[in-house]
Number of protein chains: 2
Amino acid sequence: MRADARKNRDHLLEVARDVVNEQGADASLRDIARRAGVGLGTLYRHFPRREALLEALLRTRFDALTTRARELETSTSPDKALITWLHEIVAVTHNFRGAIALMVAAIAEPDSALHASCVTMKAAGTQLLLRAQAEGLTRADLNGTDLFALISALAWLHDQPSFATRADHLTNVVASAVLTRSTQDFLREASGGPAAGR
Amino acid sequence: MRADARKNRDHLLEVARDVVNEQGADASLRDIARRAGVGLGTLYRHFPRREALLEALLRTRFDALTTRARELETSTSPDKALITWLHEIVAVTHNFRGAIALMVAAIAEPDSALHASCVTMKAAGTQLLLRAQAEGLTRADLNGTDLFALISALAWLHDQPSFATRADHLTNVVASAVLTRSTQDFLREASGGPAAGR
DNA sequence: ACCTGAACACCGTTCAAGT
DNA sequence: ACCTGAACACCGTTCAAGT
């Protein structure tokens, strides 16, 4: 790639990150090109579809979560590893409104540029669930899809301004539903006792 | 209202209901006017903003849910009333993709045409929660906003094609988190024993 | 090679002109 | 009173013309 093209591409990514943080995944591409000081055609040359731009922004985060899941699998107890990872993946959407809807779509759509990254991440998360289930620490009636559905729903809550302040609390509530009764003690420790939170 | 105007209005609502069921709350208004056989200006004369059209479609459903909550409050045990209502409100979104996002926005926005209807419904639901909490049947660290956040998240799951088949199961999982341990027996009865569901 | 912006087909919304 | 569709300002996406 020519030096000027690389510079344009990198700058577009920087600007896109800011704009998406401000306006969400459906931000205007014209606006991104304008703020980056390049023509709209230049944006399309580097990122032929909106998805290609978002993919470039999200892939590194998703791959990092995959790595993180594998770390937790060997470093931490099965129940704590699962719940910790659940909180971390939900937190990733903090500055990326709409990221989770993209992940859900990418898993279902094999042609998506994000497909491989998301499927790998889902597999890594499912491993954490299976490991905890093998020791009877989590509900037996949940599969990997259920885990990702709950994660997605909680991340969606984070995206809603009127619910954002309660989202962390509700993540704990849902986590308590995933764990079997006997394993819920460390959750109470983690949140500093049963908070009233009214 | 003149007879021809009333006829146009009613027909627009019928067509809008079908189109929104097919395409969701962000369906093209041009498309609705076209399929109703009226000019685009006619649609805007009867429903000056998109929200006014959706409001006409949703208000009756939300008001029915308010009535239903008040019925359950006097007819059914506190825990069963709450969980039954939770399932019913989640089910309302089955043929209205995006209905819950509208409800969330309407509660936060006092100028919304749906505001009164949604706030009343939220109050009715909160009453069911408080009644169950008063008898110690549900977690004490949940408020009415938390209840509606969980409802909204579950309804959002119903809207996602890849999660829709698991949404009812996950509603039961979340319901089990809302109930205190001693009151979870009727949930197991309701779902016919602990289902493996893999 | 790469960049640019006009052009195309859409959208929500408004409004002057008709009946 | 009510209806109509052109007009306006946006959007995503494409592509002929430039450097």
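Values below: all heavy atoms of this structure, side chains included; hydrogens, waters and symmetry mates excluded. Sequence lines set the chain letters: A, B, ... in the order given, protein chains first and strands last, and positions in each chain run from 1.
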Asp4(A) and its salt bridge (charged side-chain N to carboxylate O under 4.0 Å, His left out) partner, picked from Arg2(A), Lys7(A), Arg6(A): Arg2(A)
Touch class at under 4.0 angstrom, heavy-atom based, for Leu40(A) against every strand present: base
Minimum-distance nucleotide to Arg2(A) side chain [options: dC2(C), dC11(D), dT13(D)]: dC2(C)
Selected nucleotide, minimal atom distance to Leu29(B) side chain, candidates dG12(C), dT4(C), dT14(D): dG12(C)
Side-chain N,O (His46(A)) to OP1/OP2 (dC2(C)) below 4.0 Å: no
Cationic N near anionic O, under 4.0 Å, Glu71(B) to Arg68(B): yes
OG1-CD1 distance between Thr138(A) and Ile83(A), expressed to the nearest 0.5 angstrom: 8.5 Å
Presence of Arg45(B) side-chain N/O under 4.0 Å of dC2(D) phosphate oxygens OP1/OP2: yes
Whole angstrom value for the distance that separates C1' of dT13(C) from CG of Leu53(B): 14 Å
Of the listed nucleotides dT13(D), dC11(D), dC2(D), the one nearest the side chain of Arg34(A): dC11(D)
Touch class at under 4.0 angstrom, heavy-atom based, for Thr42(A) against every strand present: base
Closest-nucleotide ordering on DNA chain D, the 5'-leading residue of Arg30(A) and Asn8(B): Asn8(B)
Aromatic ring pairing Trp156(B)/Trp156(A), orientation class (parallel under 30°, perpendicular over 60°, tilted between): parallel
Sugar-phosphate, base or nothing in reach of Ala27(B), heavy atoms under 4.0 Å: sugar-phosphate
Base paired to dC11(C) (Watson-Crick or G-U; both N/O distances under 3.5 angstrom): none
Any donor-acceptor N/O pair under 3.5 Å between dG12(C) base and Arg50(B) side chain: no
